Amino acid sequence: MRLDEFQGVNAAYVLELYERFRQDPGSVDPDTRRAFETWSPPSAGTAAASLPAPGARDTGTDINHDIAKIVGAANLADCIRRYGHLAARIDPLGSEPIGDPSLSAAAHGITDEDLKRLPAALVEGPVAESAASAFEAIERLRRVYCSTTGFDYAHVFVPEERDWLRHAAESGRFLPPLDAASAAAVLDRLSQVEAFERFLHRTFPGKTRFSVEGLDMLVPILDEIICGSAGGGTRFALLGMAHRGRLNVLAHVLDKPYAEILAEFKDPIAAATYRTDLGWTGDVKYHAGARTAAPRGQMYVTLAPNPSHLEAVDPVVVGMARAAGTTADGRGAARFDGRITLPILIHGDAAFPGQGVVAETLNLSRLAGYDTGGTIHIIANNQLGFTATPEQSYSTSYASGLARGFKIPIVHVNADDPVACLEAARLAWEYRARFGLDFLIDLVGYRRYGHNEGDEPSFTQPVIYQTVASHPTVREHWARVLVEKGTIAADVPPALVKKHFDVLETTYASLKPEQEYRGPVPPQPPPGVAARVSTGVPLDRLRDINDALLVQPDGFTFHRKLERGRERRKAALVNPSDRSVDWATAEELALATILADGIPVRLTGEDVERGTFSHRHAVYHDAVTGHQLVPLQEFPQGRASFELHNSPLSENATIGFEFGYNMQAPRRLVLWEAQYGDFLNGAQEMLDQFVTSGRAKWGLAPSLVFLLPHGYEGQGPEHSNARPERILQAASDINLRLVNCTTAAQYFHLLRRQAALLELDPLPLFVLTPKSLLRHPFVASTPLELEQARFFSVVADPLKKKSPEAINRVVLCSGKVAVDLFTSEARRTAAGIAICRVEQLYPFPSVALGEVLDRYPSARDVVWLQEEPENMGAWEFMRPRLEELIGDRRPLRYIGRARNSSPSEGSAAWHQLNQTALVEQAFALGVGRSSPASSMVLSKQV
Ligand SMILES: Cc1ncc(C[n+]2csc(CCOP(=O)(O)OP(=O)(O)O)c2C)c(N)n1
């Protein structure tokens with residue numbers, strides 16, 4: 001670079017160095033000295049015009065003075081770029097921006113006069129081009145950074161991204177064209193948006209609709225982002241938003257017919273047509289999702305259904321986008337292309353900073369396996385929560401503050417300035433297309449009514465609402481601008497509103513009579529499919545696949561400690577009747593055979609690559625080079641992709657993400673594993689709002705699998721209990737499956753059954769998986785069981801088949817405690833006790849259980865035995881169902897821990913005491929015997 005090519009502060013620095021060299025050539029390094037010896041500072045019209053040449057009479061003070069001015073000008077430009085947004089007029093209601101002292105010339109020791117004498121080049125960038133002086137360039141800079149847009153990107157650390165943003169802002173190259181046709185088109189769209197709200201307001205006074213008014217530009221912004229991205233080849237736009245403006249977006253962006261929306265306002269469905277018998281509840285109209293029927297141009301647009309829980313939909317939409325951009329057919333890792341998919345999230349200004357799931361979702365944005373090629377965020381910022389003010393809602397300067405930490409560029413824009421809004425929208429999608437990263441538009445407007453239309457906002461915001469009352473709508477404002485400019489005639493704006501009003505009136509007048517409406521019906525799979533699917537795999541095929549999974553690639557060094565396990569795996573299928581298939585082997589073979597059947601698999605969760613208990617090794621790391629090997633992506637029989645990712649340490653967002661992925665790609669098997677099952681309650685919101693109720697509210701058919709380590713082993717209250725009671729509480733109308741299986745073969749068939757049912761009978765599957773039992777001989781199965789068996793929802797006592805009439809007690813239990821019973825000393829002598837395992841807790845296996853109970857006609861009582869306290873585990877769910885099944889033929893007894901607020905003991909020794917007491921009581925006929933004094937175990941007849 002030539003010395004006189006330096007600009008701004010850099011030029012000032014060069015001049016300062018030059019001055020030092022002039023005073024004392026030895027004070028600069030030899031290279032610099034050589035450069036200065038042949039250089040003369042720039043002359044006429046430049047910053048150094050007044051600088052004397054070397055050897056001239058000393059005017060050092062003047063030069064220092066000039067340098068200070070130059071540095072001051074450059075610093076001022078820098079501050080405007082960094083902090084100009086603080087002085088931008090982004091509030092349509094006219095509040096004063098907070099400003100910043102560094103934005104004044106005086107703060108940098110310069111005056112306007114100084115700036116007028118300095119060259120524009122000091123300011124750099126497009127604003128400096130053709131500017132007569134630094135003053136003019138600075139004025140232009142202020143117009144860019146301190147007008148109705150606040151460009152807030154100084155926190156973007158990557159120079160290429162920051163320079164791109166700076167140039168984009170300052171060049172104005174993304175400003176929308178302002179020819180008459182496009183200006184009128186914006187007015188037409190705003191008229192449509194406004195007419196819709198006004199029509200609803202007039203026709204259904206006081207009915208909640210969460211009007212968009214005050215943020216009307218949201219719709220044209222979405223138009224711009226969607227159409228712009230479609231032009232770049234994006235094929236799927238996935239939108240998530242809460243209540244505010246949702247009906248307007250449904251009508252105008254998702255093309256939901258007015259007739260449907262208006263019918264929902266009339267709420268005409270006669271009570272008799274509601275299908276409560278099928279578990280249908282439906283949902284309020286401002287939570288509904290939609291999908292454009294035909295691609296808009298090249299693009300499908302989907303709006304995810306949304307629960308009332310603000311921001312909960314964020315990770316769901318991001319997961320949907322990930323799935324839409326992922327190609328999963330063909331062996332190996334899945335391939336993701338962010339260019340074909342586009343997530344757009346519309347947030348509330350109180351919810352964005354307040355809800356933790358937002359931060360969790362933003363944290364996914366750059367992670368392998370979760371990245372979407374960039375999410376465009378829009379904060380629909382009406383400067384109020386329900387009634388809460390910004391000061392009560394966030395500690396950051398802006399509602400968008402959180403995004404800064406994730407290096408997401410932010411544009412705050414005044415919602416009353418259509419041009420600025422459309423520029424922000426274009427900037428958003430162009431930035432995403434260029435860098436594949438998130439972008440945030442902080443659309444600052446107001447709320448014309450209360451939180452909802454029946455709410456009185458002036459109870460709490462009297463002053464704001466005095467302003468709002470007389471504030472023109474953005475349509476009115478834009479119409480006035482266009483009429484004043486002569487772009488359109490004065491009679492056009494009212495004609496446009498009338499045109500849209502007429503459409504609504506005609507539609508409303510032609511709505512069907514109330515009695516013709518029928519309630520929606522949730523998906524109903526054919527009954528009994530789950531019991532009919534065949535899941536066995538021929539042994540030869542299993543052996544081939546097992547051998548392929550265990551191939552050692554040339555030059556790959558396995559960790560020494562894993563060698564023995566791999567040798568065991570090689571022998572696992574040799575003898576069909578050996579109990580040689582452990583849990584991890586069964587799982588890997590199940591997944592491999594599913595992949596070989598052509599069904600893609602995505603397995604994510606907390607440290608799933610190795611498994612919390614070091615049992616899985618889905619990824620091998622070369623002990624010497626660290627290179628990774630994923631056998632399920634390599635084995636030649638695979639016909640679909642295997643996606644595998646350790647998740648970040650989040651439950652709420654990661655489960656939401658997998659749910660969304662599953663919704664978008666229902667023909668792929670999606671599994672999420674918890675470190676321990678109890679961590680699932682960090683995602684209780686996702687379970688309640690989406691996974692378990694999505695079917696009843698929105699007709700969704702999720703099939704996500706949850707692997708939840710569960711079982712009482714003395715590790716304390718948390719890690720013992722995956723809280724199956726919570727899942728059972730939400731279980732109704734066959735909305736999920738909950739399984740606690742006890743053998744490797746059962747797990748093998750369960751996973752294969754789930755894959756086989758993806759199309760036929762999809763349901764979320766919760767599996768309570770073992771911990772210490774992973775390597776327990778009792779859990780191991782024979783190869784023959786993989787070939788010939790299937791999943792059994794109830795397993796009768798294997799040892800008591802021969803003389804069932806000798807049984808005088810049936811103990812029903814589920815999961816690991818069955819192994820405690822089977823392996824106990826007491827079992828050897830307790831001939832009259834049959835231990836039967838209820839492997840599927842929900843759907844309640846009434847037929848299979850009835851058959852098992854009928855097998856033991858002489859049993860005098862039936863016991864439900866569980867490790868969990870009485871108010872947890874399956875007991876409270878089982879009790880009424882077992883009572884109904886048993887009738888008054890024999891008593892039902894409960895053995896388990898007594899009611900407690902904490903799931904288990906905090907000490908391993910105390911745990912052992914109680915576990916022993918449980919087992920003892922199972923075998924102690926004539927129950928009622930009291931437990932040891934220090935035991936919490938309860939045994940009672942109910
Ligand atoms: C998780 C959650 N907590 C509380 C509420 C109750 N609530 C509904 S709307 C609202 C205010 C939201 O304010 P903001 O995010 O600014 O959106 P706005 O309604 O102003 O568009 C609140 C607190 C909710 N819906 N979800």
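Note that the structure is a prediction, hence the values are computed from the model and not measured. Start at 1 and go down the list; that is how both ligands and their atoms are numbered.
- The shortest heavy-atom distance from A380 to ligand 1 is not under 4.0 Å.
- Note: Y258 and H252 meet the aromatic proximity criterion, with ring centroids under 6.0 Å apart.
- From the protein, the heavy atom lying nearest to atom 21 (O) of ligand 1 is R244 NE, 2.9 Å.
- With respect to atom 15 (O) of ligand 1, the closest heavy atom belonging to the protein is A351 N, 2.9 Å.
- Between H309 and ligand 1, not a single N/O pair is under 3.5 Å apart.
- The protein atom (non-hydrogen) at minimum distance from atom 11 (C) of ligand 1 is F386 N, 3.3 Å.
- With respect to atom 17 (O) of ligand 1, the closest heavy atom belonging to the protein is G348 CA, 3.9 Å.
- Ranking the protein heavy atoms by distance from atom 9 (S) of ligand 1 puts H451 CE1, 3.0 Å first.
- Of the protein's non-hydrogen atoms, the one nearest atom 19 (O) of ligand 1 is H243 NE2, 2.9 Å.
- Nearest non-hydrogen protein atom to atom 25 (N) of ligand 1 is S308 O, 2.9 Å.
- For E311 (side chain) and H347 (main-chain N/O), no donor-acceptor pair under 3.5 Å exists by modelled atom type.
- Listed for the K697 side chain is a donor-acceptor partner under 3.5 Å among the backbone atoms of Q689.
- For the pair I655 and L680, the minimum side-chain heavy-atom distance is below 4.5 Å.
- Using a 4.0 Å cut-off between heavy atoms, R447 makes no contact with ligand 1 at all.
- With H85 as reference, Y398 is the one residue of F151, Y153, Y398 to meet the ring-ring contact (aromatic ring centres under 6.0 Å, His included) rule.
- The existence of a salt bridge linking D216 and R475 is excluded, since no basic side-chain nitrogen approaches an acidic carboxylate oxygen closer than 4.0 Å.
- In summary, E96 and R89 engage in a salt bridge, as defined by a charged side-chain N under 4.0 Å from a carboxylate O.
- For atom 6 (C) of ligand 1, no protein heavy-atom neighbour is present inside the 4.0 Å cut-off.
- Side-chain atoms of K256 never come within 3.5 Å of backbone atoms of A290 as a donor-acceptor pair (strictly under, hydrogens ignored).
- Within the structure, the closest approach of E685 to ligand 1 does not fall below 4.0 Å when heavy atoms are considered.
- In terms of protein heavy-atom proximity, atom 12 (C) of ligand 1 is nearest to L310 CD1, 3.6 Å.
- Put simply, the side chain of R404 reaches to within 4.5 Å of the side chain of D152, judged on heavy atoms.
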